[in-house]
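What follows is a set of notes on a single structure, which appears directly below.
Proteins get letters first, then strands, A, B, ... in listed order; numbering begins at 1 in each. Below, all heavy atoms of this structure are taken into account, side chains as well, without hydrogens, waters or symmetry copies.
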Amino acid sequence: MNYLETLNPQQLEAVKNTEGPSMVIAGAGSGKTRVLTYRIAYLIEKGVDPFNILALTFTNKAAKEMKIRIAEIIGESEAKNLTMGTFHSVFARILRHHSDKMGYPSNFTIYDTQDSRSLLRTIIKELKLDDKTYKPNLVHGRISSAKNNLISAAGYEANTDIVAEDRMSGKPRLFEIYKAYEKRCFKAGAMDFDDLLYKTNVLMRDHPDVLHFYQHRFKYILVDEYQDTNYSQYLIVKKLADVFHNICVVGDDAQSIYSFRGANIENILNFKKDYSDAKTFKLEQNYRSTQTIVNAANSIIAKNQEQIQKNVWTSNDEGNKIKVIRTLTDNEEGKVVTNMIFDTKMNEQAAHSDFAILYRTNAQSRSFEEALRKLNLPYKIYGGLSFYQRKEIKDLLGYFRLTANPQDEEALKRVINYPKRGIGKTSIEKVIVAANHYDVGLWDVLSDPVKFPCGLAGATQNKINAFVTAIKSYRVELEKVDGYELAQTIAKSSGILKELYDDKSPEGVSRYENIQALLAGIKEFTESVGENETAFLSDFMVDVALLTDADDEKDEDKDKITLMTIHASKGLEFPYVFIVGLEENLFPSQMALNSRSELEEERRLFYVALTRAEKKATLSYATSRYRWGNLITSEPSRFIEEIDTEFLEVANPSRGGGRSLNQVNLEKRVAKSTKTIFSDKARKLKKVSSVDTKPKSGTAANLLNLKVGYNVVHEKFGKGKVIGLEGTPPEKATVFFPKVGNKQLLLKFARLEVLS
DNA sequence: CTTGCAATGACTGAT
DNA sequence: TCATTGCAAG
């Protein structure tokens, strides 16, 4: 057990106290993952069967990495039997095992957020409700938080407080939507993300034998990032640990950043109430960051009221001060940050993977991508539109889903007319009406038109029959042939492969490549099982809905600059961290300014961001940025001021030389007095007046007469001179604009006004 | 039923 | 700005 010698006394205690309830409060960078890993390894070495251990992590990637480390210590054959993963993936598997008890097929579909919202949109339309009052996102949020608090549709309707709340907010029929949604999901054999936790609770509540089985199987339970669990998750863990009480939760209240997902910080604050004999271990030594970073982070988090007292410290070097950078625009912010990365890389021989750019919202990535591309620096963006959410991927997965579970309504709607086969919207609506009328699933109506007539024209019915036959033929193969083989068959015979192959536009080519990448992934998956086993497509589909980009990182992505939201960066560390967009209304988000608790969560988010950095942290903000196409002015985030000034160094790259903090404050005051440059209203007014006074695009006569040397005006680029033309009559022009340089413009689209 | 264009609303965060 | 949706015409 040599590995134990590498631990400090507190870490060692947390590892060795395996019996009974314990809570590990782990400050940022305090070796939390090591404690978890070694605790599991230690348990196994002491003779605990890995089969009896359940470890719940925050991401699948974390689980995978931890498993590898444990395997290195105790051997792979042992580590294999550990149950380890996110709440969602672990309990999805358990639910599949017992799905019959709940009336679900074992191949039930997992609806992702897109699917849930699309179904809600359909239901809102069917109930003839206004989707401006009942915005699908909002409705989904309401239903989601109900489920996270274990409130069913019936419970929702019966809860007078909730119903009153909905009535107050002008949405009295929300409970009807929830009821319809619950029913439709069930009929489609589908669970949404929240169901995976909710139904696990239901399973354990209604089937004591199942609960009993897992209570005795999971003798040792470990939960990582406990501060970010919601009520539903909390209760699952509590029930499972109810027999042996060997529960170890690890977390840091200062890093609780998921309340929007129902996470309840009280879970960690109240742990001692549930388990009065709980031991608490505090890990306070930070091994990750410089003193400057640790102390700066402490000075921020001290501004929060709600917290468990702790003293995070480090024996690392003092390190550099935290640089604060101010730029004029978001684009300049991209350039400056990128240049700094380039310089640092050169001066300190750093790898690309040593750098991370962290932002509050996904939409901020654009200016950094552009700047990085210009300097030819490799980067990888996490989050945002993930691979599995791309249209072409979801389309093909739609066929797979339908093959595994033909009742899957969202998959059906997605692919029944893609590629185009002449089954349009009206036909599908007729089918939905019939399905609701007979109270059966869409697939039942499609596959048995005699029993469930829906009044479609004969030609359309024939097309539907052909589609149904195709899906049925895939189903026959589902648990017969190798998953890769079936995936290939479907991709070809559905027509998707041809459709994308024929599209030679750059986007089309990339979509085709994505499909090939998905197929390659399935191939890899089917080859990963033992020689004498066959991996079916249904096996691949089991948790594909729960995969994220971070889960299947490719080798070629290893040495790249990381771009991600701060939320996604939790648990990671980088030598050089750039926290960008530190502006009021962006970070902290304007949605969080209404209450102290929300603002405190933003502050914890900033704390998380800063504590990702090992060597150097840099903060940046822009005094103006584009938002929805409007240029708005912004002022520096209050979080910059909250850091003790002794840790900061204010640099101004656009003017050269540093400035004092007083100057920042001065500028803040100036910024406050400046109004939005182009408000939304101004933009609309401008648009209207431009319609009144001048043609939308150059008049036909004007454009036909366009010649090289003419002066023109472009809406965005200003005045310019035509220096080249293509086509007769001219279709494309090269125009020199003094402000932005040469631009190629399609006359069809560019709103050029001809001056001479 | 499909196509093309205008209008519209989205930007917190993610399993 | 960008992607999705609604509407008119073929």
Side-chain angles (χ1 to χ4, degrees), chain A residues 56-63 85-92 110-114 116-118 121 125 131-132 135-138 140-141 144 147-148 191-197 225 228-230 232-233 256-263 330 358-367 382-386 388-389 391 417 420-428 457 459-460 463 543 545-551 564-570 581 585-593 598 601-602 604-605 608-609 625-632 680 683-684 687 691 696 716 748-749:
Chain A
L56 297 163
T57 58
F58 202 69
T59 62
N60 285 312
K61 192 183 170 203
T86 61
F87 273 90
H88 289 86
S89 64
V90 165
F91 294 111
I110 297 172
Y111 274 177
D112 65 16
T113 312
Q114 278 181 45
S116 300
R117 296 208 173 140
S118 146
R121 214 170 288 126
K125 226 180 256 167
D131 66 354
K132 282 190 184 101
K135 287 191 179 137
N137 293 5
L138 229 130
H140 184 233
S144 172
K147 282 186 185 171
N148 285 331
M191 296 199 196
D192 65 17
F193 283 138
D194 304 310
D195 278 333
L196 296 176
L197 308 172
E225 307 284 9
D228 281 324
T229 52
N230 59 36
S232 187
Q233 291 167 317
S256 162
I257 55 174
Y258 275 95
S259 70
F260 71 92
R261 212 161 82 184
D330 45 356
L358 307 180
Y359 34 77
R360 177 68 241 269
T361 66
N362 282 307
Q364 286 165 257
S365 68
R366 210 208 70 240
S367 60
Y382 293 82
L385 234 211
S386 89
Y388 295 97
Q389 288 171 341
K391 186 189 171 299
N417 198 31
K420 298 234 146 52
R421 46 174 76 86
I423 308 172
K425 228 168 52 185
T426 22
S427 306
I428 295 165
T460 314
K463 288 172 194 161
D543 46 20
L546 301 173
L547 289 180
T548 61
D549 281 355
D551 292 329
M564 56 171 50
T565 63
I566 301 165
H567 281 92
S569 76
K570 192 164 83 155
N585 296 327
L586 180 60
F587 191 16
S589 156
Q590 56 189 350
M591 329 276 279
L593 301 178
E598 284 176 292
E601 176 149 319
E602 293 286 305
R604 291 194 294 269
L605 192 58
V608 168
R625 75 168 58 236
Y626 276 94
R627 215 169 179 182
W628 299 303
N630 294 317
L631 193 62
I632 56 159
D680 217 25
R683 168 197 177 217
K684 271 179 189 143
K687 242 188 173 169
V691 172
K696 267 190 174 176
K716 195 165 124 204
K748 236 193 319 186
F749 302 115

>> Can you confirm whether more than 12 heavy atoms, excluding those of Tyr626(A), are under 6.0 Å from its OH atom?
In response: no

> Residues two or more places apart in sequence or in another chain: which of them pass side chain to side chain contact (heavy atoms under 4.5 Å, CB included) with Glu598(A)?
Replying inline: Ala592(A), Asn594(A), Ser595(A)

> With distance as the sole criterion, do the side chain of Arg360(A) and the base of dT12(B) form a donor-acceptor contact below 3.5 Å?
Replying inline: yes

>> Taking the nucleotide of DNA chain B with the nearest heavy atom to each, does Glu601(A) or Gly422(A) sit closer to the 5' end?
In response: Gly422(A)

> For dC11(B), does either OP1 or OP2 sit under 4.0 Å from a side-chain N or O belonging to Asn585(A)?
Replying inline: no

>> By nearest atom, which of the nucleotides dA14(B), dT12(B), dA10(B) is closest to the Met591(A) side chain?
In response: dT12(B)

>> Without decimals, in angstroms, what is the distance between Arg625(A) CZ and dT1(C) P?
In response: 17 Å

>> Between C1' on dG13(B) and CD on Gln364(A), what's the gap in Å once rounded to a whole number?
In response: 12 Å

> Can you check the Phe587(A) CZ to dC11(B) C1' distance for me, whole Å?
Replying inline: 15 Å

>> Would you say Thr113(A) places a side-chain N or O within less than 4.0 Å of OP1 or OP2 belonging to dA14(B)?
In response: no

> Does the pair Asp195(A)/Lys147(A) count as a salt bridge with the N-to-O cut at 4.0 Å?
Replying inline: yes

> Okay, side chain of Asp192(A), backbone of Asp112(A): is any donor-acceptor separation there less than 3.5 Å?
Replying inline: no

>> Please classify the nucleic acid contact of Lys391(A) as base, sugar-phosphate, or nothing, using heavy-atom distances under 4.0 Å.
In response: nothing

> Please give, in whole Å, the distance from dT12(B) C1' to His140(A) NE2?
Replying inline: 16 Å

>> Within this structure, what is the CG-CZ distance for the pair Asn148(A) and Arg261(A), rounded to the nearest 0.5 Å?
In response: 9.0 Å

>> Just to be sure I understand the rule, does Asn137(A) reach a base, reach only the sugar-phosphate, or reach nothing, if contact means heavy atoms closer than 4.0 Å?
In response: sugar-phosphate

>> For Thr86(A) and Leu586(A), find the nucleotide of DNA chain B closest to each by heavy atoms; which residue's nucleotide sits nearer the 5' end?
In response: Leu586(A)

> NE2 of His567(A) versus P of dT12(B): gap in Å, rounded?
Replying inline: 12 Å

>> Check this one for me: any side-chain N or O of Asn362(A) less than 4.0 Å away from OP1 or OP2 of dA14(B)?
In response: yes

> Counting any heavy atom closer than 4.0 Å, what does Asp112(A) reach on the DNA or RNA strands: base, sugar-phosphate only, or nothing?
Replying inline: nothing

> Do the non-hydrogen side-chain atoms of Phe58(A) and Thr86(A) ever get within less than 4.5 Å of each other?
Replying inline: no

>> I'd like to know if the side chain of Gln233(A) reaches the main chain of Phe87(A), judged simply by a donor and an acceptor atom lying under 3.5 Å from each other, with no hydrogens or angles considered.
In response: no

>> How many whole angstroms separate atom CG of Asn148(A) from atom C1' of dA14(B)?
In response: 12 Å

> Closest to the Ala568(A) side chain: dT15(B), dA14(B), dC11(B)?
Replying inline: dA14(B)

>> If I take atom CZ in residue Arg627(A) and atom C1' in nucleotide dA10(B), what distance separates them, rounded to the nearest angstrom?
In response: 11 Å

> With respect to the phosphate group of dC1(B), does any side-chain polar atom (N or O) of Ser427(A) fall under 4.0 Å of OP1 or OP2?
Replying inline: yes

>> On the nucleotide dT15(B), are OP1 or OP2 found under 4.0 Å from the side-chain N or O atoms that Asn230(A) carries?
In response: no

Scan nucleotides 4-8 of chain C against the protein and return all N/O pairs shorter than 3.5 Å with their distances rounded to 0.1 Å.
none

> So what does Lys570(A) hit on the nucleic acid, given a heavy-atom distance under 4.0 Å: a base, only sugar-phosphate, or nothing?
Replying inline: nothing

>> Can you tell me which nucleotide in dC1(B), dT3(B), dT12(B) comes closest to the side chain of Thr361(A)?
In response: dT12(B)

> What does Ile423(A) touch in the nucleic acid at a heavy-atom separation under 4.0 angstrom: a base, only the sugar-phosphate, or nothing?
Replying inline: sugar-phosphate

>> Please check this pair: side chain of Asp131(A) against backbone of Pro136(A), looking for a donor-acceptor N/O pair closer than 3.5 Å.
In response: no

> Once you round it to whole Å, what is the distance between P of dT15(B) and CD of Gln114(A)?
Replying inline: 13 Å

